[in-house]
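Worksheet: the structure to be examined is printed underneath.
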2 protein chains.
Amino acid sequence: MNEQSYPEFTGLELSPRKIDYLKFILEKDGTVKTTEISSGLQVDPSTTSKTLNELASAGYLNHIPYRGVDLTELGEAYTQFLVRRHRILSLLLTHYGLSPEEACDEVSRFEAFVSRDAVDKICSSMGHPMFGVCGEISHGKCLHEENHH
Amino acid sequence: MNEQSYPEFTGLELSPRKIDYLKFILEKDGTVKTTEISSGLQVDPSTTSKTLNELASAGYLNHIPYRGVDLTELGEAYTQFLVRRHRILSLLLTHYGLSPEEACDEVSRFEAFVSRDAVDKICSSMGHPMFGVCGEISHGKCLHEENHH
DNA sequence: GAAATTTTTTGGTGCAAGCCCAAATTTTGT
DNA sequence: ACAAAATTTGGGCTTGCACCAAAAAATTTC
C-alpha cells in the first residue's frame with residue numbers, strides 16, 4: 001500500500017508533534033508500546049497514550065488498549081509520505097549552502113506545513129532523486145508524474 | 001535602520017499570525033488604525049487590539065491607545081526580514097515547478113518556521129537575487145556575505 | 001495462581017495562541 | 001454637547017501539547 005492509494009490527503013492533516021509519533025512508529029516497524037514511544041519522544045506516557053488515541057481515531061493507527069499500536073494502511077502510506085517530504089526538503093536545502101544537519105533541523109521545524117502537492121512538484125523537478133541527506137528516498141508516490149506515463 | 005542592526009534575532013520569534021500583522025502594518029506605512037488591520041486580516045477588532053498590544057510589548061510596535069500603531073526601529077528591521085524571507089523562499093519554490101501564486105501560498109504557510117540563518121544561506125547561494133515573484137527583494141541584510149567583504 | 005510490580009490509561013490541570021461576543025471606554029463628527 | 005463610531009477590556013471557547021495523580025490492566029515473581 002502506498003501514497004497513490006490515498007489521493008485525498010493534502011499533507012497538512014497532522015501537527016508537527018503527531019508527525020514525530022508516526023515517524024517513530026514507522027521506524028520501529030511492527031507493534032509499538034506506549035513506553036517505547038514516550039521515552040523515544042521524551043514525553044510523559046500519559047501524553048503519549050492520549051496522542052495515540054487521537055491518531056487511532058483519525059485512522060492512522062490500530063490501537064489495542066494496553067497492548068500497543070501499529071500503522072494502518074492509511075498510516076503506513078501517510079508516514080511514507082512524511083518521510084519522503086522530510087528527505088526531499090532536506091536535500092533541497094543542502095543545495096543552498098546548508099549542511100545536512102542544518103537542513104534536517106530546519107526542515108523538521110517547517111515540514112508539517114508543506115503540502116503534498118508542493119512536495120510532488122519539487123520531487124518531479126529534481127528528477128525524483130533516490131538518495132537524500134538522511135536516507136533513501138522511496139518513490140512511486142508522486143501523483144503528478146505517475147499520472148502521465 | 002536595517003536587519004544588521006539587530007544581529008540577535010533568529011527569525012523564529014513570531015507566530016504566523018503575528019507575521020501577518022507586521023507585514024500588513026509595513027505595507028500601510030505610517031500610523032495604522034485597529035479597524036484597518038482587523039478588516040484587512042478579517043479578524044474581530046478585539047482580537048486585533050490584543051495582538052497589537054502583544055506586539056507592542058515585545059518591542060515591534062509603538063501603540064498609542066485609541067490612536068493606532070506604527071513600527072519601532074526593531075519592528076521595521078524585523079519586518080524587512082520577514083518580507084525578504086517570504087520573497088526568497090517564494091522565488092526558490094518557483095524554481096521547482098510551482099507557479100508564483102502556489103509558491104506564495106505555500107511559503108505563507110511555513111515561512112514562520114524558517115530561520116534567518118537558513119534564509120541568509122539560501123540568499124547567498126542564489127546570488128542575492130533582486131527580484132522575487134512578489135516584489136523587489138531588498139538586500140544589505142544577509143549577515144553572512146556582508147561580513148566577509 | 002495469587003500478590004506485587006510495571007505499564008497503560010483516565011481524569012484533572014495548565015499554558016500558549018487564536019478567535020469571538022458583549023460591555024465599557026475613548027474619540028470623532030454633527 | 002450628544003450621538004455615532006472606533007477601540008479596548010473582560011469573559012469564554014477551541015486546539016495542541018504538556019504534566020501529575022489515581023485507576024485499571026498486564027506482567028512478573030514467588
Margin query: What residues from residues 41-53 of chain B pass a heavy-atom cutoff of under 4.0 Å to DNA chain C?
Written below: V43(B), D44(B), S46(B), T47(B), K50(B)

Item checked: Side-chain ion pair, R85(B) and D120(B), N-O less than 4.0 Å -> no

Item checked: DNA chain C contacts among residues 12-30 of chain B, heavy-atom distance under 4.0 Å -> S15(B), P16(B), R17(B), K18(B)

Checklist line | Non-neighbouring partners of K50(B) that pass side-chain hydrogen bond (donor to acceptor under 3.5 Å, both in side chains), sequence neighbours left out | finding: none

Next item on the list: Using a 4.0 Å heavy-atom cut-off, write out nucleotides 1-6 of chain C from 5' to 3' as B (base contacted by protein), S (sugar-phosphate only) or - (no contact).
Entry: ------

Side-chain donor-acceptor distances from residues 93-108 of chain A under 3.5 Å, at least two apart:
from	atom 1	to	atom 2	distance (Å)
T94(A)	OG1	L91(A)	O	2.6
Y96(A)	OH	Y96(B)	OH	3.0
S99(A)	OG	E101(A)	OE1	3.4
S99(A)	OG	E102(A)	N	3.1
S99(A)	OG	E102(A)	OE1	3.4
E102(A)	OE1	S99(A)	N	2.9
E102(A)	OE1	K121(B)	NZ	3.2
E102(A)	OE2	K121(B)	NZ	2.4
E106(A)	OE1	S115(B)	OG	3.0
E106(A)	OE2	R109(A)	NH1	2.8
E106(A)	OE2	S115(B)	N	2.6
E106(A)	OE2	S115(B)	OG	3.1
S108(A)	OG	C104(A)	O	2.8

Note to self: Can you list, in residue-number order, the parts of residues 54-63 of chain A that come under 4.0 Å of DNA chain D, counting heavy atoms only?
What the structure shows: none

Short N/O separations, protein against nucleotides 28-30 of chain C, under 3.5 angstrom:
from	atom 1	to	atom 2	distance (Å)
dT28(C)	OP1	R67(B)	NH1	3.2
dT28(C)	OP2	R67(B)	NH2	3.1

Check: Can a donor-acceptor pair be found between the side chains of E13(A) and T10(A) at a distance below 3.5 Å?
Finding: yes

Item checked: Verdict with supporting geometry, L14(A) and L55(A), side chain to side chain contact (heavy atoms under 4.5 Å, CB included) -> CA-CA 9 Å; L14(A) 296 182; L55(A) 287 169; 4.1 Å; yes

Next item on the list: Evaluate the criterion salt bridge (charged side-chain N to carboxylate O under 4.0 Å, His left out) for residue pair K23(B) and E111(B); output intermediate values, then yes/no.
Entry: CA-CA 13 Å; K23(B) 281 187 190 165; E111(B) 59 188 343; 2.7 Å; yes

Next item on the list: Just jot down the side-chain hydrogen bond (donor to acceptor under 3.5 Å, both in side chains) partners of S49(A), sequence neighbours excluded, or say none.
Entry: none

Item checked: By salt bridge (charged side-chain N to carboxylate O under 4.0 Å, His left out) - contacts of K18(B) (at least two apart) -> E54(B)

Next item on the list: Taking salt bridge (charged side-chain N to carboxylate O under 4.0 Å, His left out) as the test, write out the residues that go with D20(A), two or more places apart.
Entry: R17(A)

Notebook entry, point to check: Quick one: does T48(A)'s side chain get under 4.5 Å of Y21(A)'s, heavy atoms only?
Noted result: yes

Next item on the list: Whole angstrom is fine here: how far is it from CZ in F113(A) over to P in dA17(C)?
Entry: 14 Å

Next item on the list: Could you pull out the closest heavy-atom pair between T72(A) and G59(A), with the gap in Å?
Entry: OG1-O, 2.7 Å

Note to self: Applying side chain to side chain contact (heavy atoms under 4.5 Å, CB included), can you list everything that pairs with N53(A), at least two apart in sequence or on another chain?
What the structure shows: H63(A)

Item checked: Set of ring-ring contact (aromatic ring centres under 6.0 Å, His included) partners for Y78(A), sequence neighbours left out -> F9(A), Y60(A)

Note to self: Looking only at the aromatic ring of each residue, does the gap between the centers of F110(A) and F110(B) stay below 6.0 angstrom?
What the structure shows: yes

Next item on the list: To the nearest Å, give me how far apart CD1 (I37(A)) and C1' (dC17(D)) are.
Entry: 16 Å

Next item on the list: Would you sort out whether L71(A) and I25(A) count as a side chain to side chain contact (heavy atoms under 4.5 Å, CB included), showing the intermediate values?
Entry: CA-CA 7 Å; L71(A) 294 165; I25(A) 293 162; 3.9 Å; yes

